[in-house]
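Position 1 is the first residue of the sequence, and the numbers go up from there.
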Amino acid sequence: MSEPVKGPASYFPSIEKKYGRPIAEWQELIRASPLTGHMEIVGWLKSEHGLGHGHANALVAHTLAGR
């Protein structure tokens, strides 16, 4: 039996369902952004793309951790 997904990735299924874009597309947007600070990018996702704070934070945390 596999372990349940933990951390920021645990939000991914609900992000895809709610906002209609695959996680890879969100990550591409984050990587292409000229913004560099975690909270700067979170604010941008919230204001420009309508994401909730928790979803934006999870995407940014996971994406920046992979850089």
Apply side chain to side chain contact (heavy atoms under 4.5 Å, CB included) to the pair Thr36 and Ile41, showing each step before the final yes or no.
-> CA-CA 7 Å; Thr36 57; Ile41 301 169; 5.8 Å; no
CA sep, side-chain torsions, deciding dist, call: Phe12, His62, side chain to side chain contact (heavy atoms under 4.5 Å, CB included) = CA-CA 10 Å; Phe12 289 179; His62 193 270; 3.6 Å; yes
Would you sort out whether Tyr11 and Asn57 count as a side chain to side chain contact (heavy atoms under 4.5 Å, CB included), showing the intermediate values?
-> CA-CA 10 Å; Tyr11 286 89; Asn57 192 52; over 6 Å; no
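A donor-acceptor pair is defined here as one N or O able to donate and one able to accept, closer than 3.5 Å; such a pair exists between the side chain of Ser47 and the backbone of Gly43. For Thr63 (side chain) and Val60 (main-chain N/O), no donor-acceptor pair under 3.5 Å exists by modelled atom type.
With hydrophobic clusters built from ILVMFWY side chains whose heavy atoms lie under 4.5 angstrom apart, Leu59 does not share a cluster with Val5.
Residues Leu51 and Val42 have side chains not in contact (no heavy-atom distance under 4.5 Å, counting atoms from C-beta outward).
Taking His53 as the reference, Lys46 meet the side-chain hydrogen bond (donor to acceptor under 3.5 Å, both in side chains) condition, with sequence neighbours excluded. For His38, there are no ring pair (Phe, Tyr, Trp, His ring centres under 6.0 Å) partners two or more places apart in sequence or in a different chain.
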Can you give each donor-acceptor pair under 3.5 Å made by side-chain atoms of residues 16-24, sequence neighbours left out, with the distance rounded to 0.1 Å?
residue, atom, partner, partner atom, Å
Glu16, OE2, Ile23, N, 3.0
Tyr19, OH, Gly52, N, 3.0
Tyr19, OH, His55, ND1, 3.3
Arg21, NE, Glu25, OE2, 3.3

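Within a 6.0 Å sphere centred on CD of Glu28, other residues, nucleotides and ligands contribute 12 heavy atoms or fewer.
Summarising the geometry of Pro8 relative to Ala61, their closest heavy-atom pair is CG-CB, 4.1 Å, with the distance given to 0.1 Å. Taking all atoms of both residues into account, the shortest heavy-atom contact from Ser10 to Gly7 is OG-O, 2.7 Å.
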